[in-house]
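Shown next, in structure tokens, is the structure this report addresses.
What you see is a predicted model, and the numbers here were worked out from it, not measured in a lab.
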Amino acid sequence: MPLPASGSPREEDVLVSFADEEAAKILILMDIVRRPPAQVNQHIGKLMRWS
């Protein structure tokens with residue numbers, strides 16, 4: 001990924017990490033939504049690491 005002339009590697013690393021975290025959140029939400037409603041309560045704790 002090329003850096004803009006005014007950018008720095010540290011700024012790029014922060015933004016990439018932020019984007020990765022947000023993408024992971026979307027995947028977790030998609031996993032919850034695709035489950036049948038009766039199974040959501042059984043699995044939400046595992047997906048969110050609450051149990």
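Distance CD1/I32 to CG/L27: 11.5 Å, rounded to 0.5 Å. Note that CD of E21 and CD1 of I26 are 12.0 Å apart. Values are rounded to the nearest 0.5 Å.
Proximity of D31 to R35: side-chain heavy atoms (C-beta onward) are separated by under 4.5 Å at one or more points.
Counting heavy-atom neighbours within 6.0 Å of R34 CZ, excluding the residue itself, gives a total above 12.
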